[in-house]
Amino acid sequence: MELAGVGVWSSQLRYGDPAESADAAAELDELGFTALWIPDVGGQVFDAVGRLLSATSRTVIATGILNLWMHAPGDVAASYAALTAEHGERFLLGIGVSHAPLIDDGEPGRYRKPLAATAAFLDGLDAAPQPVPADNRVLAALGPKMLTLSATRARGAHPYLVTPEHTASARATLGEGPLLLPEQSVILTADAEEARRIGKDWLRSYLALPNYANNLLRSGFSEEDVTQVSDRLVDAIIAWGDEAAILRRVAEHRAAGADHVCVQVLLPDPQAFPREEWRRIAAAL
């Protein structure tokens, strides 16, 4: 399984209309995107992975990320084995510990010791009758301890909501060898007011989660940047402008040490498939 170039991160491929999701995935495969990343915030994630694998022939399908609190390691390993047996090794298992406010909402106190919980989940995958190979899994990682675990127990890291400066820092922590696969949000518009309106609406829910907020504070943003969702923060996290502006940001991540960058297109309607935008980015690539 080779991961390079540019991929697509999309909630629409996971939670949108299944028929359109499959059709869009087939087109993205033909357009040359090297991986399609989907989230996991509830529902039958392996059904979605299977649908996307069936719709494509070359593209890697990746979970970005599989929420470890929602799954048993043995079940995950069995599903992984079944999907790879049917489709070959095109399924990259991205695993993450999610966020305390989300996990504790239904069961207060469940979210604890995230590093230990991740290590235990990986132990379960390794102990399964058909283990998930370490080379075919990556971890959602922002801070140094989780990045280090991703280098020793997986093939690398999938940071989300980060800047090229974070990518450089993550590469220094990972060292050479482990994969570094950051997500980059983008808005294809030259209108600064429109870009920041869309960007701020999208960012607010993420900035209420302490893992992301704390990572941005570690990265040099102020409390005011985070609480007010400043223009400075929007411009640093979200690449907006024309295709050249998007590709410049991707190139910055690559220069900072990323092996692969997955692009998430933001629209005024978060449920709409950004198919025209995907085509424009592919043409520019």
Subject >> Verdict with supporting geometry, Ile95 and Val138, side chain to side chain contact (heavy atoms under 4.5 Å, CB included) >> reply: CA-CA 6 Å; Ile95 304 161; Val138 295; over 6 Å; no
**OP:** For Thr56 and Ala26, work out which heavy atoms get closest and say how close.
**Re:** CG2-N, 4.3 Å
Original post:
Taking only residues two or more places apart in sequence or in another chain, which ones pass salt bridge (charged side-chain N to carboxylate O under 4.0 Å, His left out) with Asp191?
Top reply: none
Original post:
Can you tell me how far CG of Asn214 sits from CG of Leu207, rounded to the nearest 0.5 angstrom?
Top reply: 11.0 Å
Original post:
Quick check: are there more than 12 heavy atoms from other residues, nucleotides or ligands sitting under 6.0 Å from CD of Glu194?
Top reply: yes
Original post:
Listed by chain and number, what are the salt bridge (charged side-chain N to carboxylate O under 4.0 Å, His left out) partners of Asp235, not counting sequence neighbours?
Top reply: Arg196
**OP:** Hey, could you give me each pair passing salt bridge (Lys or Arg N to Asp or Glu O under 4.0 Å) that has a residue in residues 249-268? Not counting sequence neighbours.
**Re:** Arg171-Asp259, Arg249-Glu252
Show every donor-acceptor pair shorter than 3.5 Å between a side-chain atom in residues 37-48 and any protein atom, with sequence neighbours excluded, or say none if there are none.
from  : atom 1 : to     : atom 2 : distance (Å)
Trp37 : NE1    : His260 : NE2    : 3.2
Asp40 : OD2    : Asn67  : N      : 2.9
Asp40 : OD2    : His71  : NE2    : 2.8

**OP:** Please identify each residue that fulfils salt bridge (charged side-chain N to carboxylate O under 4.0 Å, His left out) with Arg197, with sequence neighbours left out.
**Re:** none
**OP:** Return the set of residues passing side chain to side chain contact (heavy atoms under 4.5 Å, CB included) with Glu243 (not counting sequence neighbours), or none when no residue passes.
**Re:** Leu188, Arg280, Ala284
Subject >> Sub-4.5 Å side-chain heavy-atom contact between Thr34 and Val6 >> reply: no
**OP:** Report yes or no: do Ser185 and Glu183 form a side-chain donor-acceptor pair below 3.5 Å?
**Re:** yes
Subject >> Donor-acceptor under 3.5 Å (Thr63 side chain, Gly94 main chain) >> reply: yes
Subject >> All ring-ring contact (aromatic ring centres under 6.0 Å, His included) counterparts of Trp202, not counting sequence neighbours >> reply: Tyr206
**OP:** Could you tell me whether a side-chain N or O of Ser21 sits under 3.5 Å from a main-chain N or O of Asp17, the two making a donor and an acceptor?
**Re:** no
Original post:
Going from NE2 on His166 to CG on Leu180, what distance comes out if it is rounded to the nearest 0.5 angstrom?
Top reply: 8.5 Å
Original post:
Under 3.5 Å, is there a donor-acceptor pair linking the side chains of Tyr80 and Gln130?
Top reply: no
Could you list the donor-acceptor pairs under 3.5 angstrom formed between side-chain atoms of residues 265-276 and any protein atom two or more places apart in sequence or on another chain?
from   : atom 1 : to     : atom 2 : distance (Å)
Asp269 : OD1    : Gln271 : N      : 3.0
Arg275 : NE     : Glu27  : OE1    : 3.4
Arg275 : NH1    : Asp23  : OD2    : 3.0
Arg275 : NH2    : Asp23  : OD2    : 2.9
Arg275 : NH2    : Glu27  : OE1    : 2.8

Original post:
Which salt bridge (Lys or Arg N to Asp or Glu O under 4.0 Å) pairs, counting each pair once, include a residue from residues 127-136, with sequence neighbours left out?
Top reply: none
Subject >> Verdict with reasoning, Leu36 to Leu28, per side chain to side chain contact (heavy atoms under 4.5 Å, CB included) >> reply: CA-CA 8 Å; Leu36 306 181; Leu28 291 167; 3.7 Å; yes
Original post:
Can we call the ring centroids of Trp278 and Phe33 under 6.0 Å apart?
Top reply: no
Original post:
Hey, are Ser10 and Gln12 close enough side-chain-wise for a donor-acceptor pair under 3.5 Å?
Top reply: yes
**OP:** Write out all pairs satisfying salt bridge (Lys or Arg N to Asp or Glu O under 4.0 Å) with one or both partners inside residues 141-151, taking only residues at least two apart or from two chains.
**Re:** none
Subject >> Side chain Arg137, main chain Val132, donor-acceptor under 3.5 Å >> reply: yes
**OP:** Please collect all salt bridge (Lys or Arg N to Asp or Glu O under 4.0 Å) contacts where either partner lies in residues 81-90, sequence neighbours excluded, each pair once.
**Re:** none
Original post:
Are Leu125 and Leu93 side-chain neighbours, meaning at least one heavy-atom pair lies under 4.5 Å?
Top reply: yes
Subject >> Donor-acceptor side-chain pairing of His253 and Gln184 below 3.5 angstrom >> reply: yes
Original post:
In chain order, what residues pass the side chain to side chain contact (heavy atoms under 4.5 Å, CB included) check against Ser230, with sequence neighbours excluded?
Top reply: Asp225, Arg232, Leu233
